[in-house]
Amino acid sequence: MVINKVYPEDIINGIGAGLVLLDKHLRIRWVNKTQSDWMGLPQYLYSKHCYRIFERRRHTCRGCPTLKVFRTGKIHTARRIGYTKEGLKQYYQLTVSPIKDNQNKVIFALELIQNISEKVLQERINSKITHSLKRMHNHLFSVNRRLRRNVERVRELTINLSGMRRILEKKYRKKKNELTLIKEELQDIFKVNRVLSSTVDFKKVTSLITRLTCRLMHTQACILRLIDVQKKSLCVNASFGIDEALIEHLPILKVGESVGGRVAYLKKPLIISDIERDPGLKSAELLKKAGFRSLLCVPVLYQKKILGVITTLSKKKHYFSEEQIEVLSIFASQVAIAIQESKYYDDIHLNYFNTIHALVLAIEARDPFLRGHTERVTRYALETARSLNLAEAQLEILRYAAEVHDVGKISIPDFILGKPGKLTSAERAMIQLHPVRGAEILEPLEFLGPAIPIVRHHHERYDGNGYPDGLEKEKIPLMSRILACADAFDAMTQDRPYRRRKLTTEEALAEIKNNAGSQFDPDIAHLFIKTIQTTPP
């Protein structure tokens with residue numbers, strides 16, 4: 001075996017950074033090859049003042065680190081702008097070290113010069129991204145403030161509706177029996193209003209509306225159609241008491257078409273006392289086969305704008321009265337407020353989430369090794385979760401968590417994230433804090449509550465040796481265990497500054513298999529491997 005000799009000059013000339021030896025008058029005494037390639041031939045540089053050669057000045061630089069070294073005898077650093085022999089402007093990082101004689105006096109200064117032009121350019125790009133995010137945040141803050149004002153106006157409308165109850169009670173005072181019934185029904189309406197006001201999930205709100213309509217009107221079924229403004233049509237959004245097979249056969253109604261369309265067009269309630277004898281009802285045969293004999297349809301109006309219609313059905317002919325129209329119309333006005341408020345909350349949630357997601361993308365923009373990481377991890381995690389037949393609501397929570405799982409890295413400095421060598425214990429501790437920081441960032445966002453534990457625990461290990469809390473086995477949330485496999489797989493199959501080369505898909509899957517039961521949940525690891533093999537990245 002032949003071992004090639006390594007000479008000191010080869011090491012000095014091959015380090016990829018400039019070296020310059022200066023005397024106390026700041027004259028150049030020696031340069032290595034890299035510095036010579038940048039600034040010119042040694043015979044041209046020797047005995048020249050460094051500030052004339054490197055920065056093309058006639059006097060020493062303000063805050064010169066080399067002068068500080070001669071004064072203090074300590075190492076000093078600085079950033080400087082310099083010019084190459086071709087006249088190109090470049091940015092350099094200077095680290096100046098003292099060289100002392102046996103009497104501990106500084107006789108020379110050795111400058112280590114690194115070209116950081118690309119880093120400076122990236123910092124400027126990051127600064128622009130940060131500025132854009134701040135502008136986005138200010139815009140969202142303004143939107144949120146306007147939405148809050150709208151919600152206050154909605155609450156004022158609710159107070160006005162409370163006054164309507166007193167008017168109705170006065171109007172029907174002479175009809176004692178009818179008054180008692182209406183009073184009970186109105187009390188139910190305001191109970192319903194409190195329930196609707198406490199629920200902001202749009203799907204839950206619309207499902208609750210149909211169920212409470214049947215309870216309020218003592219009917220057997222209800223259909224809520226909401227309007228598609230662009231298509232000018234009414235689509236079934238929620239139902240109660242009707243088979244799904246029947247719902248699938250109900251047609252989409254144009255505004256002005258059939259009973260629901262006429263109610264939406266005229267913005268007035270309509271009773272069909274006998275379904276069999278109404279020629280304008282498109283789905284009469286379907287409803288008759290299901291046993292329904294009469295219906296009441298009222299518009300859902302918000303500030304005179306049609307949002308949809310509520311249709312409630314009875315299995316008795318001539319079931320609905322004028323009083324029931326009035327009661328359901330009041331309820332429909334509450335429904336309009338609930339639907340509108342749910343939409344406001346959905347818009348706020350989406351804006352907040354997009355801001356957090358933009359922060360994650362900003363983190364990836366800071367480090368070229370992380371670009372696309374979030375998108376890939378989200379895809380791997382969702383594909384694995386679908387293999388477990390998780391419900392759509394759980395998949396949505398996992399998607400939110402996966403898209404923001406690394407938001408805590410916003411607090412980690414660039415030099416640690418992109419460090420090519422081994423991390424110090426302090427640097428490793430800072431890295432291990434990022435799941436905690438991520439959970440803290442997300443904590444004020446109430447709608448992301450179910451996703452916060454997933455983000456906090458996605459670096460826990462199955463054997464309990466993970467971070468930040470050392471959870472083990474089933475104490476780790478299921479979706480955190482899924483996310484851990486997806487995150488590790490993507491890290492192994494992508495370039496990283498601390499690794500010589502990225503692993504192939506097969507090598508990475510073998511690593512997951514080998515660490516099943518220690519780092520990874522063995523069942524999740526097995527399912528993840530099967531998922532990736534079936535649908536390769």
Side-chain angles (χ1 to χ4, degrees), residues 126-164 190 192-206 208-209 226-230 237 300-308 332-365 374 393 396-397 399-401 403-411 437-452 455-456:
N126 290 344
S127 177
K128 289 181 180 179
I129 292 172
T130 303
H131 180 68
S132 298
L133 287 172
K134 286 182 179 178
R135 288 177 55 194
M136 185 187 302
H137 174 269
N138 292 336
H139 172 69
L140 290 175
F141 180 82
S142 175
V143 170
N144 185 39
R145 186 168 52 192
R146 291 199 299 272
L147 288 173
R148 286 182 182 276
R149 288 199 295 266
N150 289 337
V151 170
E152 286 301 318
R153 285 196 288 269
V154 169
R155 298 194 188 283
E156 290 176 7
L157 287 173
T158 303
I159 295 171
N160 293 336
L161 286 170
S162 299
M164 289 179 63
F190 288 100
V192 166
N193 178 48
R194 285 195 296 272
V195 175
L196 291 175
S197 299
S198 66
T199 307
V200 296
D201 185 293
F202 189 69
K203 290 182 180 178
K204 289 182 180 179
V205 167
T206 54
L208 188 61
I209 286 166
L226 296 181
I227 194 161
D228 185 326
V229 178
Q230 294 181 342
N237 183 270
V300 179
L301 297 170
Y302 181 77
Q303 295 181 351
K304 299 183 179 181
K305 177 184 176 183
I306 186 73
L307 301 182
S333 66
Q334 297 288 311
V335 166
I337 294 170
I339 290 174
Q340 199 67 26
E341 192 164 337
S342 292
K343 288 182 177 178
Y344 285 150
Y345 274 102
D346 285 346
D347 290 342
I348 292 169
H349 291 174
L350 181 61
N351 286 335
Y352 274 127
F353 181 75
N354 287 341
T355 301
I356 298 296
H357 192 228
L359 285 173
V360 175
L361 295 180
I363 296 169
E364 293 188 0
T374 298
E396 188 73 1
I397 291 170
R399 182 180 70 81
Y400 277 135
E403 290 189 2
V404 297
H405 73 280
D406 272 343
V407 69
K409 287 185 178 177
I410 197 77
S411 63
R437 295 287 179 261
E440 289 172 351
I441 290 170
L442 301 177
E443 189 174 359
L445 308 181
E446 186 177 331
F447 76 101
L448 282 179
I452 293 174
V455 172
R456 182 181 178 93

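Quantities reported herein were computed from a predicted structural model and do not represent experimental measurements.
- Residues that satisfy the side chain to side chain contact (heavy atoms under 4.5 Å, CB included) test with L301, not counting sequence neighbours, are K267, P299, I306.
- Ion pairing between a basic and an acidic side chain is recognised when a charged N comes within 4.0 Å of a carboxylate O; E152 and R149 show no such pairing.
- Shown here are the side-chain hydrogen bond (donor to acceptor under 3.5 Å, both in side chains) partners of R146, two or more places apart in sequence or in another chain: S142.
- Here the rule is side chain to side chain contact (heavy atoms under 4.5 Å, CB included) with N237, and of L226, I209, I227 only L226 fits it.
- Residues meeting the side-chain hydrogen bond (donor to acceptor under 3.5 Å, both in side chains) test with R153, sequence neighbours left out: N150.
- Heavy-atom minimum distance, A336 versus L307: O-CD1, 3.9 Å.
- Of all heavy-atom pairs spanning V455 and A439, the tightest one is CG1-N, 4.3 Å.
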